[in-house]
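See structure below.
Per chain, numbering begins at 1; letters A, B, ... match sequence-line order.
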There are 2 protein chains.
Amino acid sequence: MRRMTARPANAHQARLLTLLRDGGPNSRAQLGDQVDLSRSKLAVEVDRLPETGLVVADGLAASRGGRRSHNIRLNPELRFLGVDIGATSVDVAVTNAELETLGHLNQPMDVREGPVAVFEQVLAMAAKLRASGLAEGFDGAGIGVPGPVRFPEGIPVAPPIMPGWDGFPVREALSQELGCPVMVDNDVNLMAMGEQHAGVARTVADFLCVKIGTGIGCGIVVGGEVYRGTTGSAGDIGHIQAVPDGRPCACGNRGCLEAHFSGAALARDAVEAAQQGLSAELASRLETNGGLTAVDVAAAASAGDATALDLIREGGNRTGQVIAGLVSFFNPGLVVIGGGVTGLGHTLLAAIRTQVYRQSLPLATGNLPIVLGELGPTAGVIGGARLISDHLFSPA
Amino acid sequence: MRRMTARPANAHQARLLTLLRDGGPNSRAQLGDQVDLSRSKLAVEVDRLPETGLVVADGLAASRGGRRSHNIRLNPELRFLGVDIGATSVDVAVTNAELETLGHLNQPMDVREGPVAVFEQVLAMAAKLRASGLAEGFDGAGIGVPGPVRFPEGIPVAPPIMPGWDGFPVREALSQELGCPVMVDNDVNLMAMGEQHAGVARTVADFLCVKIGTGIGCGIVVGGEVYRGTTGSAGDIGHIQAVPDGRPCACGNRGCLEAHFSGAALARDAVEAAQQGLSAELASRLETNGGLTAVDVAAAASAGDATALDLIREGGNRTGQVIAGLVSFFNPGLVVIGGGVTGLGHTLLAAIRTQVYRQSLPLATGNLPIVLGELGPTAGVIGGARLISDHLFSPA
DNA sequence: TCTACTTTTTCCACTCAGAGGACAAAGAAG
DNA sequence: CTTCTTTGTCCTCTGAGTGGAAAAAGTAGA
């Protein structure tokens, strides 16, 4: 039996909830230092907070030189589910209400199998996490899918790499199955929210989060809020033209960034190079595994293989050129690089940095850090938990 | 002697002021229909509004079937000054508090002469407008400059085409000279605000406003608010690489959009074409005027000159490619094209549209209008008036 | 142990924004 | 001249929130 939780009654309670989420257990007095409310008003709101089921008392705090204060904290039994559906694998994690990961599962999986098959898998993984004692049930879930989403309804729209998902009511269906509130968003937005909450972007209001996986996307954060665009497709930078008259892309155009550099493109290029005998390292790996992925290229590169390094550098240059344009346009305070190819590490990062710092104007790049994401594969699931907690911790 | 005006005391008054600005004179009853306040509260706020000096009574309204209501309106004596400093000319206009243009002057002028010379000119133009009886004095001024601005302080920063302006305290200096509040912003942002207030973008929350003049810039509006970026240089798209290893640009790089298409680049290309004997039309104009500008190219094009048309088409293609990338990234609800080259009209627009619709994904372009600005050279000055009115009509 | 000082919490009186009803004022329609 | 509608004013009531006083629960030194 699932406990029922209620949304906060007003903006004050919402603010207190986020303070408890981001700062952990806290005394009433300390909360008072952080919000701008009179003692009396604070007492009233704090007293009412447990009625929502989201907050519980937590004993006495240490003395600060006088009477000891009462601690409160978010209900430690609350559980959020973060789901990050990638093109070729799915991550599912359980967090507590403070968005700390308690358990994390990853499984290979092809999104093209369609929503029904994928969610069967996701639900099985969620059940497994529950069976291992991490949760009795879920109080909310945040789902990331690799394509544009009509955000208010939580429905994917015209996702190029996910045929069969167009119009599928993800939010409603999963809410039914899980018996809890669900929010759905593009996976890059979730990654951005994850890095914002617990990663490198904690203190930046305007930043970009470029995710290079099977495809390429970009989370856009404006004033601390994710920007999704008019139809929910903002950040879809994989099909920006990077090479005039370049390679044909699945979208029908030529020279798209994604056709020249992405997990898929990199793997294809590596196979080609191996077959042409350009790299003994890659050729032997191809023979051993029967195929190559970005991971193989990363390994070959760190073994010093020149061809692998060239592939990474060239891809980084292409990506860097596109990012340079976005930096000129958007003037962010930070650029985060993440996704599956993060394993390519500093070779990739150096190539991207070179292009951006060379091509964008000094005013935009002067104080612009370009860094790898801190959270790796957990960014997405933490972002999912963050998404649903933002929803549940806001007034109804 | 200038009257003193005060800022509204609270958000309700601010809301009423913008309603009066955007909807003109209005009866108390009609205002009541538009705001969500009880009659008593509304009466209190409306009664206090004249204390600010911004609002005056305006007789009785027509009956709506019962007792006639009292009209109020923004003080008809209020005057805002809108100043749009371009690279090669300056526009100065006077508006009333409803942001209607009462008088408008334009003069050629080179920004490179520096802020002192330019503002001497601007003040002379403002004095001329005042002398012609349009204003006794100014209650506020909004200034647009062709480069990035540290917005809160109103100080240009590192403007590439305006040497000598870096760090000049425009806001403070002009506030002194004019004796009224002043706000300063990038000229493309002003154009965006102008088109938002009185032009094609009245109903759109997220849009881009591309201004092609001597240089190229882009105003970015997110959720109805201008987005300025971390250092105020957002929208600086003139130096995005449009042509790999293309022409050298003043910024030190090669292939910048601005180096390939802008008022300046177009004029240069036209001269070159004329000298090479590619176009009799352009050659004769070159001989007559001793030089060519975008206006000549526009005239030649509408006379059917093939070379001129080619120049415009190629420029449009370049610009369209860059815009296509921005559309994929930003997913706007509208793209406005404006600036000095608007005279190139539909040839340019068609080229841009072709590229954008071809290169961006259907989800982003499906319902995306790409249109010419409606206000032409008045967009900037109206935007300036809008900028200062937003400031004056918000609680202090 | 006792005393003086701090910090936290509760209690209470007070202010203020705002809502909404009653009613007066002003006009329309017959 | 009467009846109905709309508009504006007045007055009371409510609920959010503030800030002071005092109680509760500590610490630290004599």
What residues form a side chain to side chain donor-acceptor pair (under 3.5 Å) with [X], not counting sequence neighbours?
X: A:Glu45; result: A:Asn10, A:Gln13, A:Lys41
X: A:Arg171; result: none
X: A:Asp33; result: A:Arg64
X: B:Thr95; result: none

In whole Å, what is the span from the CD1 atom of A:Ile72 to the P atom of C:dT9?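 Going from A:Ile72 (CD1) to C:dT9 (P), I get 10 Å.
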Atom NE2 of A:His70 and atom P of C:dT7: how far apart are they, to the nearest Å?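 Taking NE2 of A:His70 and P of C:dT7, I get 17 Å after rounding.
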If only side-chain N and O atoms of A:Arg64 are considered, is one of them under 4.0 Å from the OP1 or OP2 phosphate oxygen of C:dT6?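 Negative; the distance criterion is not met.
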Protein-proximity profile, nucleotides 21-30 of chain C, B/S/- by nucleotide at the 4.0 Å heavy-atom cutoff, equals -B-BBBBS--
Applying ring pair (Phe, Tyr, Trp, His ring centres under 6.0 Å), can you list everything that pairs with [X], at least two apart in sequence or on another chain?
X: B:Phe151; answer: none
X: A:Phe393; answer: none
X: B:Phe80; answer: none

Does the gap between the ring centers of B:Phe330 and A:Phe330 come in under 6.0 Å?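 No, they do not, as the ring centres are separated by 6.0 Å or more.
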What pairs of residues pass the salt bridge (Lys or Arg N to Asp or Glu O under 4.0 Å) test when at least one of them lies in residues 173-184 of chain B, not counting sequence neighbours?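 Non-adjacent pairs meeting salt bridge (Lys or Arg N to Asp or Glu O under 4.0 Å): zero.
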Opening and closing nucleotides of DNA chain D in contact with chain B, under 4.0 Å to non-hydrogen atoms: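 For DNA chain D, the relevant span reads D:dT5 to D:dC10.
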In chain order, what residues pass the side-chain contact (heavy atoms from CB on, under 4.5 Å) check against B:Pro25, with sequence neighbours excluded?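 Partners of B:Pro25 by the side-chain contact (heavy atoms from CB on, under 4.5 Å) criterion, ordered by chain and then number, come out as B:Asp58, B:Arg73, B:Glu98.
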Detail all sub-3.5 Å separations between protein N/O atoms and N/O atoms belonging to nucleotides 16-18 of chain C.
from: C:dG18; atom 1: OP1; to: B:His12; atom 2: NE2; distance (Å): 2.9
from: C:dG18; atom 1: OP2; to: B:Lys41; atom 2: NZ; distance (Å): 2.2

